[in-house]
Amino acid sequence: MATIYSNPSTTIFREVDNTIEAPGQRAPLVVGGRNFTSVTDVVTDVNLKPAPLGWYIGFACAVTMLGVYLTSVAYLLTTGVGVWGNNNSVDWAFDIINFVFWVGIGHAGTLISAILYLFRQNWRTGINRFAEAMTIFAVVCAGLYPALHIGRVWCAYWLFPIPNQMAMWPQTRSPLWWDVFAVSTYATVSMLFWYVGMLPDLATLRDRTKSRVAQVAYSVVSLGWTGSCRHWHRFERAYLLLAALATPLVLSVHSIVSFDFATSQVPGWHTTLFPPYFVAGAIFGGFAMVLVLAIPAREWFGMKDIITIRHIDNCAKVMLGTGMIVSYSYAMELFIAWYGGNHYEQAEFLFRAKDGPYAFSFWCLIFCNAVVPQLLWFKKFRLNPWPLFLIANIGNIGMWWERFVIIVQSLNRTFLPSAWRLYWPSYVDLAMFAGSFGLFFTLFLLFCRFLPIVAMAEVKSIMPEAHAHHKEPHKQTADQAAGDFRPDEHHKPVRH
Amino acid sequence: MTTLTTPHHGDIPHESNTIPSTGIDAPVVVGLCAEYDDVTAVLEAAEKVRDAGYRHWDVYSPFPIHGIDAAMGIRPTILPWLVLCMGLTGCVFGISMTAWINAFAITMPKPFDWVNLQGYQFLISGKPIWSIQANIPVIFECTVLFSALTAVFGMLLLNKLPMLYNPLFKLEMFRRATSDRFFIALDAGDARFTHEGAKELLESTGALKIETIED
């Protein structure tokens, strides 16, 4: 077979289609003839050169939407949760739908940074930094919803086990309390992961910026990082440990979110399928969001050599894979409702798909999450960024409808017909939801402006030039020949 | 072991053509820094410095170099053990916290009764007062939280970061250590360090440029 990616140690890839699968050969992940210097240049230029006009326009739109969010939150706080459309039957609605929607989006970032790291998927390096940023900002948007949902936000600290004069403690067997721990731990660990990974790149910005103010700011946040290999050694170990910790954590978070529903008796919620179904859905929606952010970013910030078409292709494949798991879950939910023989469950699913006034939302989710992603079987759709952008947006919309179907459709038809009530969102609900995108994009655009959006150090470490090639055959020492080569033993450095 | 943190007055020969090493305000030579532009070159140079018996020295690179630990003789860090210990601590914390606030109703003894730490012992839907199944999520999250905080802050502590002042930052060429160049710095505090000897050693490794680090 012809060598497609010939001798990667010496070739700097200029014109190469890196989507070709060549068994036994590694596809280049940085193309366009980039070397270490030009990778630094292209990434730091985003921060160090004046922002393009598009950034200001985008930021103005995002801040306007943030204003809408803050206004509706202020109205909510001064008036009460009655301004929402929630009623006594549907007491969880937009607030919890949007919480689950945003927290789910966050999961792709952790999947990319932690799980793909453990699996040594080197392509993650091109997209992990902004995917992690997406995680954190999505968790911020998510976390605000339950905090606001409690009504009296000034009592939010009651959620935490703080000794108080009322001798009042939380109920540890409640899934809602598990959620408090899951989401706050997830937010903390994601933030640590993001910041630690960013240290070396912040040091790069410190060393390259000409502005005195930026120099001081980047110096402080990069903590005096020098790139010492003794530091790298502990850094890499810490990073590996964080990845190993974040992997079960991310799976636990959406499982625990699903317990909020699954441990109740409500028809349509009381099912053991929920944890894996929620996790797959979260990753599907999260990768859709990664694509929504990555496709314009690589175009506008000139990152096409680092976030290559192969990266886009891989994200689309993950979307397809998790989309298939989600579709299987929809089918299995319906099957179990029929096969399980529970009348309430059967009535609930008939209501969802056929009889109820919300049937459109069920078919909307089937179309967005089960039908449209099938296009991704075709390479033509995976390799064309803008059709893919559209598919990813549809995936995001579908995931929102999924949560609407689960929450509103189940709550408005519970056991007692006298408690059946329909739900429609109020304009405050809609304004807060639209506004939460303002919060997300404001944070994201600030991140794009001031922080390194690509993990430069990690990208460099996967380039062919990063690997040493001994010019002459390595000379064996007597110790090596004996198969017991421990160079450190000869010098006995201080253990540190 | 951090290089280049303390100035060393005694090691520099007087005939050295660099700045005099005496005087209060005069810069003091704290080491030598060599620049490389290639991973292979810096790895081979690191092996040479290691074999020459230096102990207070370091390699600086914009990304972690594969194989540099062996080339420098770096021993594995104790960080994983710290993380394990703190993870277990977090686990015990989670078990005790959930048990205390939901399974015991003990009033704090006399000297500590100024803070109300009395737990509840309440029955929900006939479930056990405390069971491992109902509390696993919280215990697990506590374990992960303690471990992750230890991994990050333990790493920073062992690396002696934050350390915003470093004489290396005075070298103009060292700005590229975070971009596209590789450096080896020998600390003047090393027992084997002499200005001439160190310079000769670095020259023999094919360095692009060698500069004196002053503080």
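The sequence lines fix the lettering, A, B, ..., with proteins before strands; numbering per chain opens at 1.
Annotation: side chain of A:Cys229 is in contact with side chain of B:Ser61 (closest heavy-atom distance under 4.5 Å). Looking at B:Phe169 and A:Ser219, their side chains never come closer than 4.5 Å, going by heavy atoms from C-beta outward. In this structure, the side chains of A:Thr172 and B:Val138 stay at 4.5 Å or more apart for every pair of heavy atoms.
Of the possible polar contacts, none joining the A:Arg234 side chain to the B:Met155 backbone as a donor-acceptor pair under 3.5 Å is found. Distance alone, capped at 3.5 Å, is enough to place a donor-acceptor pair between the A:His233 side chain and the B:Thr77 backbone. In terms of modelled atom types and a separation under 3.5 Å, the side chain of A:His231 and the main chain of B:Asn159 share a donor-acceptor contact. Side-chain atoms of A:Arg173 come within 3.5 Å of backbone atoms of B:Pro128 as a donor-acceptor pair (strictly under, hydrogens ignored).
Between chain B and the options A:Val220, A:Val196, A:Thr37, heavy-atom pairs under 4.5 Å are most frequent for A:Thr37. Contact tally against chain A (heavy-atom pairs below 4.5 Å) for B:Ala134, B:Ala148, B:Pro62, B:Pro64: the top residue is B:Pro64. Chain B forms more heavy-atom pairs under 4.5 Å with one residue of A:Pro200, A:Pro248, A:Ala244 than with any other, namely A:Pro248. Considering only heavy-atom pairs separated by less than 4.5 Å from chain B, the leading option among A:Thr188, A:Leu192, A:Thr44, A:Val189 is A:Leu192. Your options are B:Val42, B:Leu161, B:Asp180, B:Asn102, and the one with the most heavy-atom pairs under 4.5 Å with chain A is B:Asn102. The candidate with the highest count of non-hydrogen atom pairs below 4.5 Å against chain B, out of A:Val459, A:Leu223, A:Asp41, is A:Leu223. Put simply, of B:Ile124, B:Val83, B:Thr143, B:Ile65, the one with the most heavy-atom pairs under 4.5 Å next to chain A is B:Ile124.
With a 4.5 angstrom heavy-atom cutoff, B:Tyr165 does not touch chain A via any of its atoms. For a residue to count as touching a neighbouring chain, one of its non-hydrogen atoms must lie under 4.5 Å from one of that chain's; by this rule A:Pro170 touches chain B with backbone and side chain alike. For A:Leu240, no part sits under 4.5 Å from any heavy atom of chain B, backbone or side chain. The parts of A:Leu245 that come within reach of chain B are both its backbone and its side chain, each placing non-hydrogen atoms under 4.5 angstrom from that chain. Within the 4.5 angstrom heavy-atom criterion, only side-chain atoms of B:Phe153, from C-beta onward, approach chain A. In this structure, no portion of A:Glu458 lies under 4.5 Å from any heavy atom of chain B. Within the 4.5 angstrom heavy-atom criterion, only side-chain atoms of B:Ile68, from C-beta onward, approach chain A. When heavy atoms are compared at a cutoff of 4.5 Å, A:Ile256 approaches chain B solely by way of its side chain, counted from C-beta outward.
Of all heavy-atom pairs between B:Val39 and A:Ala466, the closest is CG1-O, 3.6 Å. Pairing each heavy atom of B:Ser179 with each of A:Thr40, the nearest pair is OG-OG1, 3.1 Å. Minimum interatomic distance between B:Leu164 and A:Gly224 (heavy atoms only, all atoms of both residues): CD2-N, 3.6 Å. The heavy-atom pair separating B:Glu141 from A:Leu249 by the smallest distance is OE1-CD1, 2.9 Å.
Rounding to the nearest 0.5 angstrom, the gap separating the OG1 atom in B:Thr178 from the CE atom in A:Met456 is 8.0 Å. To the nearest 0.5 Å, atoms OG (A:Ser228) and CH2 (B:Trp57) are separated by 10.5 Å. The CZ atom of B:Phe146 sits 10.0 Å away from atom OG1 of A:Thr185, with the distance rounded to the nearest 0.5 Å. Between the CZ atom of A:Phe235 and the CG atom of B:Leu156 there is a distance of 9.5 Å, given to the nearest 0.5 Å. Distance check: B:Asp69 CG to A:Trp232 CH2 gives 12.5 Å after rounding to the nearest 0.5 Å. A distance of 3.5 Å separates CE of B:Met97 from CZ of A:Phe181, quoted to the nearest 0.5 Å.
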With side chain to side chain contact (heavy atoms under 4.5 Å, CB included) as the criterion, how do B:Phe174 and A:Thr226 come out once you've worked through the C-alpha distance, each side chain's angles and the decisive distance to 0.1 Å?
CA-CA 9 Å; B:Phe174 195 74; A:Thr226 52; 4.3 Å; yes

So A:Arg230 and B:Ile74, side chain to side chain contact (heavy atoms under 4.5 Å, CB included) or not? Walk me through it.
CA-CA 7 Å; A:Arg230 297 178 196 279; B:Ile74 300 178; 4.0 Å; yes

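Within 6.0 Å of the CZ atom in A:Arg237, the count of heavy atoms belonging to other residues, nucleotides or ligands does not exceed 12. Few gaps surround CH2 on B:Trp130; more than 12 heavy atoms of other groups in view lie less than 6.0 Å from it.
Below 30°, between 30° and 60°, or above 60°: for B:Phe182 and A:Phe36 the angle between ring planes is above 60°, a perpendicular geometry.
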